[in-house]
Student: 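Take this structure first; my questions come after.
As the structure is a prediction and not an experimental result, all values here were calculated from the model. Just so it is clear: chains get the letters A, B, ... in the order the sequence lines come, proteins before strands, and each one is counted from 1.
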There are 2 protein chains.
Amino acid sequence: MPKQSAALQPHRRLFADRRRNPDAKREAVLHTAVRIFLERSYARTSMDDVATQLNITKPALYHYFRNKEEILVEIYRLGTDLIDEMLGSIEADEKTGLDKVADFIAGYTRIIAGDFGRAVVRLDDGELSKAGRRLVRARKREIDHRLRALIDSGIEDGSIASCDAKIAAFILAGAIHGMASWYKPASPMDLAAIAGQYVRMLAAGLTAGDLPELAGRQTIAPRRFE
Amino acid sequence: MPKQSAALQPHRRLFADRRRNPDAKREAVLHTAVRIFLERSYARTSMDDVATQLNITKPALYHYFRNKEEILVEIYRLGTDLIDEMLGSIEADEKTGLDKVADFIAGYTRIIAGDFGRAVVRLDDGELSKAGRRLVRARKREIDHRLRALIDSGIEDGSIASCDAKIAAFILAGAIHGMASWYKPASPMDLAAIAGQYVRMLAAGLTAGDLPELAGRQTIAPRRFE
DNA sequence: TTGATATCTTACTCGCCGGTCGGATTTGCA
DNA sequence: TGCAAATCCGACCGGCGAGTAAGATATCAA
């Protein structure tokens, strides 16, 4: 049983009387579902779980969504839309590549702090059908490529040290994605402070690509850390 | 049906004749299981899948493991053992904090590139029972704390810029964990080159904690990126 | 050779969950 | 008011997968 937060109450009440606002109800399902999915994972959440939380029964859910997968795909869509929107506004700016990437880091951390952003990162798209998986992964790949383009533009204009943009993008995205595993909305830490340290540390990593004493370091002894 | 790689053949052959080497067979189960779990996820892998891959039937598996969870816990144990061992050897060194962290990054990427390391990071411990989850998460938490200690020591000896070690550890670990999602052992990219860029970029981020022009930057306009 | 034991198989049980069927109840509109 | 459509429910189906029971077969030690 997921803990019942006060924030869910309005969604429950929405379903109290029939015939009202199908769109609002559909949205209510999504908001409730994404919370439970994040808490329990998609696979371990049954349609009954979602329905119960909404104070309805399972078949009622199938009035708003064809199946369980459609709910998940819709969640991904909403989440990736947020990221797309942010990327669009960053790309439109007239800034150096480094500044754009820094803006990306700041914006991305904020999106990941939200439910739908966290869902994009944490929910397992391996649960999807082949078609759904293709769709979702294509969107993720596109986001990755746009981040790489940001980095490349920074390398070109000299604001970012020469490096492999592909790996750099993985490092940036990975670092921020990790947030989805530990960040709790009710966290005592200020989100702005967290985002600030992310920007500082990661942007610094991009500018100082080759500190001589680090570039030449030898790695640890070749023990068999398989 | 998971693709049958040549590397699995020896494990299949091990079970060809009965009564031979229980320890080796147990290990063979683990090696086979971790591969399938990484490909298909733990939840979507049935005991029949594992058994089939080994050329035996499901009940035979229960001769070596009490249940499915025991296999997963054992995989976690082997993976975290690798990390513990590495941390131990790093902690024993007489180096600056930054150098120790750099060694950690290099060693960690190599471990994550292996099956059991990748398993620690990618397999969902939410599938475990309460007891198993407690155990696994305790080990993960301990690793996190030891990394923080490494960072703290670097801040103390001045090799790392002052920052929140907790967040810094999350950033480092997150960046490397991300590798588990895209790295394929048969990758064309040289692992050493990847590890090198990880070390360079992340270590640089730790040394240059406060570039003035970055510290003072204002974040993106406060749109509602929920 | 012969029992004792380990190993492995065939054939089940049982619970869970996505999805559906048919019907009941409401709502809004003519 | 009356009726068509929308909304929702109780009861069910079918499949999947973890785990087990009971027995067959090979191995090893004596």
Side-chain angles (χ1 to χ4, degrees), chain A residues 1-2 11-29 32-33 36-37 40-75 123-124 126-132, chain B residues 1-2 11-29 32-33 36-37 40-75 123-124 126-132:
Chain A
M1 275 111 259
H11 295 155
R12 296 182 72 122
R13 232 174 279 123
L14 228 191
F15 282 88
D17 48 47
R18 323 240 266 208
R19 186 68 144 285
R20 245 282 262 286
N21 197 340
D23 292 342
K25 289 187 179 180
R26 207 182 133 93
E27 202 180 336
V29 171
T32 300
I36 311 186
F37 289 171
R40 238 216 229 336
S41 90
Y42 174 77
R44 287 188 294 277
T45 302
S46 72
M47 289 296 264
D48 267 321
D49 289 336
V50 178
T52 301
Q53 196 74 346
L54 255 9
N55 236 17
I56 53 178
T57 57
K58 183 170 54 166
L61 278 182
Y62 285 85
H63 228 265
Y64 301 96
F65 295 89
R66 268 204 298 271
N67 49 41
K68 195 184 175 189
E69 168 158 348
E70 196 175 279
I71 298 181
L72 182 55
V73 170
E74 191 70 10
I75 288 173
L123 265 30
D124 182 9
E127 298 287 343
L128 292 171
S129 69
K130 214 169 166 179
Chain B
M1 271 112 260
H11 295 155
R12 295 181 73 124
R13 233 173 280 124
L14 228 191
F15 282 89
D17 48 48
R18 324 238 268 209
R19 185 74 143 279
R20 243 297 257 284
N21 197 340
D23 292 342
K25 290 188 179 180
R26 208 181 132 95
E27 203 181 335
V29 171
T32 300
I36 310 186
F37 289 171
R40 240 216 229 334
S41 90
Y42 175 76
R44 285 188 295 277
T45 302
S46 72
M47 290 295 264
D48 267 321
D49 289 336
V50 178
T52 301
Q53 196 74 344
L54 255 9
N55 237 16
I56 52 177
T57 56
K58 183 169 55 166
L61 279 182
Y62 286 85
H63 228 265
Y64 300 95
F65 295 90
R66 267 205 299 270
N67 49 41
K68 195 183 174 189
E69 168 157 347
E70 197 175 278
I71 298 181
L72 182 54
V73 170
E74 191 70 9
I75 287 173
L123 265 28
D124 182 9
E127 299 286 344
L128 293 171
S129 69
K130 215 170 167 181

Student: Whole angstrom is fine here: how far is it from CD in Glu127(B) over to P in dA18(D)?
Tutor: 11 Å
Student: Take the protein atom CZ of Phe15(B) and the nucleotide atom C1' of dT9(C), then report the distance between them rounded to whole Å.
Tutor: 14 Å
Student: Could you check how far CD1 of Ile56(A) sits from P of dA6(D), rounded to whole Å?
Tutor: 18 Å
Student: When the distance from CG of Leu54(A) to P of dT7(D) is rounded to whole Å, what number comes out?
Tutor: 14 Å
Student: Could you work out which one of dC8(D), dT7(C), dC9(D) sits closest to the side chain of Thr57(A)?
Tutor: dC9(D)
Student: Mind calculating the distance between CZ (Arg26(A)) and P (dA6(D)) to the nearest angstrom?
Tutor: 16 Å
Student: Set out, in order, the CA-CA distance, both residues' side-chain angles and the distance that settles salt bridge (Lys or Arg N to Asp or Glu O under 4.0 Å) for Glu74(B) and Arg26(B), then state yes or no.
Tutor: CA-CA 10 Å; Glu74(B) 191 70 9; Arg26(B) 208 181 132 95; 3.8 Å; yes
Student: Using the rule given for salt bridge (Lys or Arg N to Asp or Glu O under 4.0 Å), can you reason through Asp49(B) versus Lys58(B), listing the C-alpha separation, both sets of side-chain angles and the distance that settles it, and then say yes or no?
Tutor: CA-CA 8 Å; Asp49(B) 289 336; Lys58(B) 183 169 55 166; over 6 Å; no
Student: Atom CG of Leu72(B) to atom P of dA18(D): distance rounded to whole Å?
Tutor: 12 Å
Student: Taking only the side-chain nitrogens and oxygens of His63(B), find out if one of them lies under 4.0 Å from OP1 or OP2 of dT7(C).
Tutor: yes
Student: Leu14(B) CG to dC8(C) P: how many Å, rounded?
Tutor: 10 Å
Student: For dT7(D), does either OP1 or OP2 sit under 4.0 Å from a side-chain N or O belonging to Lys25(A)?
Tutor: no
Student: May I ask you to say what Ala60(A) touches in the nucleic acid, namely base, sugar-phosphate or nothing, with a heavy-atom cut-off under 4.0 Å?
Tutor: sugar-phosphate
Student: Contact class for Tyr64(B) vs. all strands (heavy atom < 4.0 Å): base, sugar-phosphate, or nothing?
Tutor: sugar-phosphate
Student: Do Asn55(B) and His11(B) have side chains that approach each other closer than 4.5 Å (heavy atoms only, starting at C-beta)?
Tutor: no
Student: Nearest whole angstrom, please: distance from the P of dT7(C) to the CG of Asp23(B).
Tutor: 10 Å
Student: Using a cut-off of 4.0 Å between protein heavy atoms and nucleotide atoms, how would you tag nucleotides 18-23 of chain C 5' to 3' with B, S and -?
Tutor: BBB---
Student: Identify the residue among Ile36(B), Thr45(B), Val29(B) that makes a side-chain contact (heavy atoms from CB on, under 4.5 Å) with Gln53(B).
Tutor: Ile36(B)
